[in-house]
Amino acid sequence: MKEISFRTKIVIGENSLDSLKKIEKETVFIVTDPFIEQSGMLAEVTERLAYKENIYSIFSDIVPDPPIETVAAGVKALQEIKPSILIAIGGGSAIDAAKAIKEFALKFSPQQKDIKFIAIPTTSGTGTEVTSFSVITDNAKQVKYPLVADGLLPDEAILDTILVKSVPPAVTADTGIDVLTHAIEAYVSKEANDFSDAFAEKAVQLIFEYLPRAYKDGKDLEAREKVHHASTLAGLAFNMVGLGINHSIAHVCGAQFHIPHGRMNALLLPAVIEYNADFRSFSQNEYSAAAKRYARLAKILGYPSGNIRVAVKSLLQQINQLAKELHMPVNLRACGVNKEKFTTVKQHISEAALNDACTKTNPRIPSVEDIERIVEKII
Ligand SMILES: NC(=O)c1ccc[n+]([C@@H]2O[C@H](COP(=O)([O-])OP(=O)(O)OC[C@H]3O[C@@H](n4cnc5c(N)ncnc54)[C@H](O)[C@@H]3O)[C@@H](O)[C@H]2O)c1
Ligand SMILES: [Fe+2]
């Protein structure tokens, strides 16, 4: 038995930020990063809160891959304000940090009443505006922890395309591939079902069609909107059925080598698909469940899919082609990782990835050695 519910209200379309104008006489705590504050995007929020007897306070110290210390500082700031509403505006880092801030603040101050959480993504990538995940980094241990709890699910997500217009091409590429990875991992997840498939299929279609356009011309608002929607759709899919070892490895490698999350996923995606498809363990006309799922996706996308093998190969070709169009680096060395350093940490990476929360829904159960072989392919 599985219960499916969608708690987050999603606001889309032109001027969707105007839904903030409904807020009246509330105490609002806003979490964001310095760029969002300086770029004028934060003003899009505060202007809509003004003149309605709202009191607001801004915590803008979020850095990419938010560390535990920043979350702790945010908890302290929130406890002083005692807000009724928390608005997180920014990329996955700002929204994830805000989720953790809320979670810990409620845990440590029982007198604090529940706080309404509004997420406003300014990148199209993590889908965190509709998920009960938050990824926090422990810099001392150089590891990222995915927190998973119902309380982390935002109450409202505002998808206003004007906020993503300014995302630079490299971040558009990284975050767009993150969306693709979410959708593909959800599609082959052990727990995938017809409902998650519907969201994942649509997200993959939108990414292949519109991500190259959004990358080439950030002002192409149609492409921006489609990629923004794809991000949330993929979030809805994986929130229901989980992710897989692409993310498990990316969490550890990304923290270890300071590589942006989506770029790390992009490096791993072909190797993880080959591992999960597992053609070597099956004889002529028998295939793993994951191979069949990848093949189905290729067929839906209209890629050559005469048989399962051909279909998986065409999906891989399309992913490689997309990565090329987005000028993604081809391996860890191209991201500045030193081979000697890699050799000293690869076992630690593999062991930590095996224990990551995302491993349990991967379609194939890996061993430490399996993960080590995957990471060896991307150096
Ligand atoms: N919670 C989840 O379900 C989930 C899923 C995947 C990834 N993550 C986590 O999310 C984080 C990554 O988030 P991200 O990829 O959105 O990147 P990010 O939030 O770290 O932002 C990347 C950079 O882009 C800038 N930026 C944000 N919006 C911009 C805009 N509109 N214009 C120009 N620049 C802009 C930011 O200031 C930052 O410098 C990682 O910590 C990752 O582990 C979480
Ligand atoms: Fe991700």
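Atoms within each ligand, like the ligands themselves, are counted from 1 in listed order.
Close contacts between ligand 1 and D33 involve ligand atoms 36 (C), 37 (O) [criterion: under 4.0 Å to a heavy atom]. The contact set between ligand 1 and T122, taken as ligand atoms under 4.0 Å from a residue heavy atom, comprises 27 (C), 28 (N), 29 (C), 30 (C), 31 (N). When each atom of ligand 1 is checked for a heavy atom of I36 under 4.0 Å away, the hits are 28 (N). Taking a cut-off of under 4.0 Å to the non-hydrogen atoms of G91, the atoms of ligand 1 that pass are 16 (O), 19 (O). Using a 4.0 Å cut-off to heavy atoms of F238, the atoms of ligand 1 that qualify are 3 (O). Set against the non-hydrogen atoms of T175, the atoms of ligand 1 under 4.0 Å away are 15 (O). Close approach of ligand 1 to S166 is summarised as follows: ligand atoms under 4.0 Å from at least one heavy atom of the residue are 30 (C), 31 (N), 32 (N), 33 (C). Taking a cut-off of under 4.0 Å to the non-hydrogen atoms of P64, the atoms of ligand 1 that pass are 20 (O).
Between the side chains of S19 and R48, not a single donor N or O lies within less than 3.5 Å of an accepting N or O. A donor and an acceptor atom, one from each side chain of D197 and Y187, are nowhere located under 3.5 Å apart. Using modelled atom types and a 3.5 Å distance limit, the side chains of S281 and D278 yield a donor-acceptor pair. For the residue pair S248 / T359, a side-chain donor-acceptor distance below 3.5 Å is found, with atom types taken as modelled. At a cut-off of 3.5 Å, with distance as the only test, no side-chain donor of K165 or T122 sits close to an acceptor on the other residue. A side-chain N or O of N362 and one of N276 form a donor-acceptor pair less than 3.5 Å apart. A donor-acceptor contact closer than 3.5 angstrom is absent between the side chains of Q321 and Q317. If you check the side chains of E129 and T232, you find a donor sitting under 3.5 Å from an acceptor.
For F208 and Y303, the gap between ring centers is short of 6.0 Å. With ring centers used as reference points, F199 lies 6.0 Å or more from F238.
Any N or O atom pair closer than 3.5 Å counts here, and L163 shares at least one such pair with ligand 1. Residue D178 has no nitrogen or oxygen atom sitting less than 3.5 Å from a nitrogen or oxygen atom of ligand 1, judged on distance alone. In terms of polar-atom proximity, defined here as any N/O pair under 3.5 Å, D65 does make such a contact with ligand 1.
Residue nearest to atom 33 (C) of ligand 1, selected from F133, Y145, F35: F35 (by heavy-atom distance). Within the set D96, T123, T128, the minimum heavy-atom distance to atom 44 (C) of ligand 1 is found for D96. Checking G125, P66, S93, G90 against atom 18 (P) of ligand 1, the nearest heavy atom belongs to S93.
Heavy atoms of T126 found under 4.0 angstrom from ligand 1 belong to the backbone as well as the side chain.
For atom 43 (O) of ligand 1, the nearest non-hydrogen atom of the protein is K144 NZ, 3.0 Å. Considering only non-hydrogen protein atoms, atom 14 (P) of ligand 1 sits nearest to G92 N, 3.5 Å.
Minimum heavy-atom separation, V28 to P83: C-CB, 4.3 Å.
Between K52 and E26 there is no salt bridge, since no side-chain N of the basic residue sits under 4.0 Å from a carboxylate O of the acidic one.
Ligand 1 has at least one atom lying under 4.0 Å from a heavy atom of M41. The shell of residues lying under 4.0 angstrom from ligand 1, judged by heavy atoms, includes H182. Using a non-hydrogen distance threshold of 4.0 Å, P168 registers as a contact of ligand 1. Ligand 1 is never approached by D174 to a heavy-atom distance shorter than 4.0 Å.
Enclosure of atom NZ in K346 by more than 12 non-hydrogen atoms of other residues, nucleotides or ligands within 6.0 angstrom is indicated.
Of the protein's heavy atoms, none falls inside 4.0 Å of atom 23 (C) of ligand 1. The nearest protein heavy atom to atom 16 (O) of ligand 1 is closer than 4.0 Å.
Relative orientation of the H247 and H251 rings is perpendicular, given thresholds of 30° and 60° on the angle between their planes.
Nearest N/O/S atom of H182 with respect to the Fe ion (ligand 2) is recorded as NE2. When the Fe ion (ligand 2) is compared with the N/O/S atoms of D178, atom OD1 turns out nearest. For H247, the N, O or S atom with the smallest separation from the Fe ion (ligand 2) is NE2.
The cationic atom of R364 (NZ for Lys, CZ for Arg) lies less than 6.0 Å from the six-membered ring centre of Y275 and within 45° of the ring axis.
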